[in-house]
K.L.:
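Dropping a structure here in structure tokens format, bear with me for questions.
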Amino acid sequence: MLRVIFTLGSVLMLIAELPIQSAFAETPIEVLATFKVEAAGTPGFQEFSATRGENFFKTKHNHNLSCSTCHTDNPAAQGKHSETDKIIKPLAPAANEERFTDMKKVAKWFKRNCNDVLDRECTAQEKGDVITYLLTIHK
Amino acid sequence: MLFHIKNFTRNVAVALAMSATLSVAQADDHDGQKRTADNARWKSECSACHVAYPPGMLPAESWRAIMSGLDKHFGSDASLDAASASEITAFLEKNASAKKYNASGKPLLRITETRSFKSEHSEVSTSVWKNPKVKSPANCGACHTKAESGDFNEDDVKIPK
């Protein structure tokens, strides 16, 4: 009897854990590791740096735009689309647990936003620096 | 038998009454555009940057033109992976407006240039469009409080001060 209860309990615990395990495809650390593998193979690679990432994030590149134009200077705060005013949820994982948990989504948005802000795709070094910076942000 | 005839007559009467109500509602100025068609991918992708404009607001040829130029989408890169793009294009085409807008021979890309948009908004003054809270005629949700759910009924319009 005890064994049945125990088994039943384990099954229930397993079921309870399932949604947590399958909620996100990746963790921000895993996403960052993917960019590190990519960046390490390029000439002039430097260890990812939060300071460089912050600088890149806040610097105006082309068209007088920076990452912070829409995401604001505080990545833990809500942002706003510069054209449509649509609310953008916080970018820092500490403030929004969904961020950087789906590599496909990460790739889609880096491609779009870098093309808009820099007229080119960002390098793995730049992406890694920015994520490293975002991971240092606390709520 | 008599019972059946009575029943039939009553059903016909009910049906007629319902269709009369329906046509009145459709002719009414307050029916607005109500979204009935839905697709999860269309909703999540298009609403990432703006209101997911209902497919019925543009004809199929316009949607095809928009979807084939997503890398330069009104000044922004809105490119999608091939599978998402083809699913969304099919959904838009299937539920597109049957009206033809391309008087110039080119498909219209902006809903704001359609005749229906212009006539529905003819009473809106220029000061409303210039209000920073409205910002752009593309910002449906500024006045149409239920735009997110595809409901553009005039009764739910609240023009910001």
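So that the names make sense, note that chain A is the first sequence line, chain B the second, and so on, each numbered from 1. Basis for what follows: all heavy atoms, side chains included, without hydrogens, waters or symmetry-related copies.
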K.L.:
What distance do Ile88(A) atom CD1 and Cys49(B) atom SG have between them, rounded to the nearest 0.5 Å?
P.N.:
7.5 Å
K.L.:
At their closest point, which heavy atom of Ser79(B) faces which heavy atom of Lys111(A), and how far apart are they?
P.N.:
OG-NZ, 2.9 Å
K.L.:
Restricting to ring pair (Phe, Tyr, Trp, His ring centres under 6.0 Å), what partner residues turn up for Trp129(B), sequence neighbours left out?
P.N.:
His121(B)
K.L.:
Which heavy atom of Glu83(A) sits nearest a heavy atom of Lys135(B), and at what distance?
P.N.:
O-CE, 3.9 Å
K.L.:
Would you compute the distance between atom NE2 of His50(B) and atom NE2 of His81(A) and round it to the nearest 0.5 angstrom?
P.N.:
8.0 Å
K.L.:
Tell me if a side-chain donor or acceptor on Lys86(A) pairs with a main-chain N or O of Ser47(B) at a distance below 3.5 Å.
P.N.:
yes
K.L.:
Let me check something: do Leu65(A) and Phe57(A) share a hydrophobic cluster, defined by ILVMFWY side-chain heavy atoms less than 4.5 Å apart, either directly or through other members?
P.N.:
yes
K.L.:
Any chance NZ of Lys108(A) has more than 12 other-residue heavy atoms, nucleotides or ligands included, within less than 6.0 Å?
P.N.:
yes
K.L.:
Using the rule that two of Ile, Leu, Val, Met, Phe, Trp, Tyr join whenever any of their side-chain heavy atoms come within less than 4.5 Å, decide whether Trp109(A) and Val31(A) are in one cluster.
P.N.:
no
K.L.:
Answer with yes or no whether the hydrophobic clustering places Met103(A) together with Leu32(A); edges join I, L, V, M, F, W, Y residues whose side-chain heavy atoms lie under 4.5 Å apart.
P.N.:
yes
K.L.:
When the side chains of residues 131-139 of chain A are checked against the rest of the protein, which donor-acceptor pairs come out under 3.5 Å, sequence neighbours left out?
P.N.:
{"residue": "Thr132(A)", "atom": "OG1", "partner": "Gly128(A)", "partner atom": "O", "Å": "2.6"}
{"residue": "Thr136(A)", "atom": "OG1", "partner": "Tyr133(A)", "partner atom": "O", "Å": "2.5"}

K.L.:
Most heavy-atom pairs under 4.5 angstrom with chain A, which of Ala78(B), Gly141(B), Ala138(B), Ser136(B)?
P.N.:
Ala78(B)
K.L.:
Measuring heavy-atom distances to chain A, does Pro137(B) have an atom under 4.5 Å in its side chain, in its backbone, in both, or in neither?
P.N.:
neither
K.L.:
Tell me, side chain or backbone of Ala142(B) under 4.5 Å from chain A's heavy atoms, or both, or neither?
P.N.:
neither
K.L.:
Assess whether atom CD of Glu30(A) is packed by more than 12 heavy atoms of other residues, nucleotides or ligands within 6.0 Å.
P.N.:
yes
K.L.:
Which pair of heavy atoms, one from Asp77(B) and one from Asp116(A), lies closest together, and at what distance?
P.N.:
N-OD1, 2.7 Å
